[in-house]
Amino acid sequence: MRTFLSALLLALFVGVSAQRTIQWKFVQNGTSGVIPVELITISPTLMLMYDRADGNPLRLPDGERAWAALWDLETNTPTPLSSVTDTFCAGGAFISNGTLVSVAGQPQETPGQPPADGRMGIRLFGPCASPTGTNCTVFEDPANIHLAVTRWYPTGLRIPDGSLMVLGGSNTPTFYNTGPSAENSFEFFPSKPGELGAVRPSQFLLDATPVNMFPRSVVLPSGRVFMIANNLSMIYDIETETEHRLPDLPNGVRISNPFDGTMQLLPLSPPLYEPTVLVCGGSSADDRRPATNLTILDPATDQCSRLTLTTAGVAKGWQIERMPEPRIMVESVILPSGDVLLLNGAKTGYAAYPSVAGSNETQSNADNPGFRGMLYKTSSPAGRRISQDGLPTSNIARLYHSVASLTAKGNIMVAGSNPHPAVVPPPTKFPTEFRVEYLNPDFITNNLPRPVIHSAPTQILFNQKATLEVTIPSNLRNGDIKVSLIDMGYVTHGQHANSRLVFLEHTLVGNTLTITAPPNNNIYPPGPAWIFVVADGVHSEGAMVMVGDGGDPPRPDQGVKISLTSL
Ligand SMILES: *[C@@H]1O[C@H](CO)[C@@H](O)[C@H](O)[C@H]1NC(C)=O
Ligand SMILES: *[C@@H]1O[C@H](CO)[C@@H](O)[C@H](O)[C@H]1NC(C)=O
Ligand SMILES: *[C@@H]1O[C@H](CO)[C@@H](O)[C@H](O)[C@H]1NC(C)=O
Ligand SMILES: *[C@@H]1O[C@H](CO)[C@@H](O)[C@H](O)[C@H]1NC(C)=O
Ligand SMILES: *[C@@H]1O[C@H](CO)[C@@H](O)[C@H](O)[C@H]1NC(C)=O
Ligand SMILES: *[C@@H]1O[C@H](CO)[C@@H](O)[C@H](O)[C@H]1NC(C)=O
């Protein structure tokens with residue numbers, strides 16, 4: 001009876017404190033002009049999109065068809081951006097001085113014609129201060145600034161010293177990564193002392209072939225890097241150059257390309273900043289089956305798996321949850337509340353250009369688009385976290401080469417989809433998709449009162465306090481107030497590299513919000529971030545801030561050491 005009563009009380013308590021269900025709505029506005037194979041939020045008003053030179057409708061001033069563009073969130077129009085090398089299926093990150101670095105890409109398609117071979121490309125963009133992107137250009141010097149080896153489908157990760165770590169990739173235009181092994185390695189930009197032109201071979205990436213492209217990775221609060229490729233996981237220590245294997249993803253689920261699932265680091269909270277990763281979607285198909293034996297109707301997995309990267313968490317192992325629908329090529333967007341939106345992708349098939357059985361009919365490796373998103377409520381009890389409540393159904397298929405990213409306005413930009421190796425207009429089952437949609441929460445749709453950040457610092461130093469002037473609408477003041485420091489990531493192929501949310505310690509007195517920056521550069525690798533204020537589940541627009549001293553990488557340790565449970 002006692003147990004029953006306490007269960008009842010607990011249920012009531014959970015019921016009372018449960019978040020309001022946000023009603024989301026899709027609004028279509030504008031066309032992207034290029035396919036945003038890669039989408040990165042770069043300022044309050046601009047998104048950067050990288051594609052391939054593909055016969056896109058958008059043209060550069062010289063008449064050349066564009067393969068990159070800046071998307072203006074105010075006008076819903078793209079402005080072409082030129083680059084020297086081919087940006088197709090590159091990876092990247094912001095580094096400690098605020099420059100966005102994009103690395104690698106595809107081989108040259110037409111000899112003698114732009115773009116140049118992108119596989120060793122290093123492209124530097126910004127910071128871009130102009131709200132419309134005037135004079136913001138991609139800087140490249142391929143003869144002098146390039147990767148050590150050719151790569152395609154690599155991951156870019158900003159590490160605690162603020163430089164870029166480049167992970168893996170492929171070398172061959174095939175479904176599986178069966179090519180030479182030089183790219184099964186790590187390298188850095190700028191190079192580590194004595195490592196210019198050299199790579200660090202990775203046994204882990206080699207073992208993860210042939211499903212090891214775009215390895216999912218995240219910097220842990222210990223400064224080490226957690227990685228998943230195929231169904232394998234490990235922790236890499238950058239200093240000692242050692243790989244430490246952790247348990248495989250359960251049930252044969254694989255999440256790197258071409259079996260793309262998605263990974264997010266769940267919010268880090270003071271004082272312990274215990275890291276938990278969430279992995280959703282992908283495929284549990286046997287990776288020994290040749291591509292021609294896989295089919296567009298093979299079911300994707302509905303599995304989400306979660307692992308806490310502490311000694312106790314790893315001993316407990318991967319905890320499994322189920323999505324209402326299976327998904328391959330699912331995108332995950334961490335919201336300022338700490339919840340995770342799961343959207344785009346398909347219920348069956350695979351990533352990559354048509355190569356599996358049945359794709360000759362659909363011209364797509366995937367079929368049965370997932371038109372409706374799902375919300376992962378991070379702080380709800382296990383088994384009750386994932387639902388489609390409040391989420392609308394789109395009528396636009398978002399398959400291979402589609403993306404979704406949080407914007408500075410606090411909504412989600414959803415764009416792209418092109419399962420074809422060229423621009424293919426309708427009529428075809430899954431045409432090249434240029435239509436841009438926003439997924440808006442009800443408080444944006446209905447213009448309801450939101451927290452407003454009136455002024456915020458443009459830079460915060462580790463472990464230091466800073467103040468913001470804010471207004472919290474009176475109807476939201478009784479709810480929980482959170483301050484989120486977010487890296488929105490470099491979005492491509494279901495991976496949101498560098499995506500990170502750190503809840504900041506704060507006090508609110510009147511309209512003055514005093515925050516404490518993350519304790520050190522392992523908790524938030526130094527570089528650009530966005531501050532959002534969340535009151536009773538309703539978030540403000542984001543304020544852009546530089547975290548750390550803003551200098552060129554590598555930066556020495558910043559802030560204070562704290563005691564941690566993180567591996
Ligand atoms: C689309 O965006 C433009 C530019 O911001 C705006 O004027 C227009 O009202 C928007 N249309 C819809 C349907 O939201
Ligand atoms: C852009 O660059 C040109 C040439 O350097 C300069 O004349 C112009 O003022 C710049 N515009 C802005 C908005 O910075
Ligand atoms: C991971 O995949 C390999 C084959 O690629 C398989 O042998 C192994 O059993 C898988 N691990 C789990 C836990 O399913
Ligand atoms: C895949 O291979 C298995 C085993 O040889 C076979 O039974 C199956 O029909 C094949 N499927 C396709 C689509 O080729
Ligand atoms: C697709 O391939 C299958 C198996 O080889 C074949 O039966 C079918 O006719 C092909 N369809 C088209 C449209 O080429
Ligand atoms: C940022 O650092 C990189 C690496 O040293 C450098 O190439 C780039 O020019 C720097 N960006 C700015 C804006 O100074």
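Whatever order the structure lists them in is the order used to number ligands and atoms, beginning at 1. Worth knowing before you read on, the calculation uses all heavy atoms, side chains too, and leaves out hydrogens, waters and symmetry mates.
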Determine, using ring centers only, whether Y400 and H420 are less than 6.0 Å apart. no
Does R288 come within less than 4.0 angstrom of ligand 3, counting non-hydrogen atoms of the residue? no
Under a 4.0 angstrom heavy-atom cut-off, which atoms of ligand 3 come close to G252? 14 (O)
T310 and T308: side chain donor to acceptor below 3.5 Å: no
Got an N/O contact under 3.5 Å between P250 and ligand 3? no
Ion pair R435/E437, N-O distance below 4.0 Å: no
Mark up the atoms of ligand 3 that fall under 4.0 Å of a heavy atom belonging to D287, in ascending order. 5 (O)
Check whether any heavy atom of D286 sits under 4.0 Å from an atom of ligand 3. no
What atoms of ligand 5 come closer than 4.0 angstrom to any heavy atom of E361? 1 (C), 8 (C), 10 (C), 11 (N), 12 (C), 13 (C)
Can you find an N/O atom of N230 closer than 3.5 Å to an N/O atom of ligand 3? no
Distance flag, aromatic centroids of Y236 and F186, threshold under 6.0 Å: yes
Should the pair H401 and Y353 be assigned to parallel (<30°), tilted (30 to 60°) or perpendicular (>60°) ring geometry? perpendicular
Take Q303 and S305 through the side-chain hydrogen bond (donor to acceptor under 3.5 Å, both in side chains) test and state the conclusion after the steps. CA-CA 6 Å; Q303 182 170 296; S305 320; 3.2 Å; yes
Which of the ligand 3 atoms, numbered from 1, are nearer than 4.0 Å to a heavy atom of D248: 1 (C), 10 (C), 11 (N), 12 (C), 13 (C)
So N231 and V211, side chain to side chain contact (heavy atoms under 4.5 Å, CB included) or not? Walk me through it. CA-CA 9 Å; N231 64 343; V211 181; over 6 Å; no
Mind checking whether N231 has an N or O less than 3.5 Å away from an N or O of ligand 3? yes
Does a side-chain N-to-carboxylate-O contact under 4.0 Å join R398 and E331? no
Within the protein, flag every N or O under 3.5 Å from an N or O of ligand 1, and note the pair and distance.
unit_1   : atom_1 : unit_2 : atom_2 : d
ligand 1 : 2 (O)  : N29    : OD1    : 3.3
ligand 1 : 2 (O)  : N29    : ND2    : 2.4
ligand 1 : 2 (O)  : N76    : ND2    : 2.8
ligand 1 : 5 (O)  : E74    : O      : 2.6
ligand 1 : 11 (N) : N29    : ND2    : 2.8
ligand 1 : 14 (O) : N29    : ND2    : 3.3

Just checking, any donor-acceptor pair under 3.5 angstrom between side chains of N212 and T209? no
Parallel, tilted or perpendicular, as decided by the 30° and 60° cut-offs, for the rings of F259 and Y176: tilted
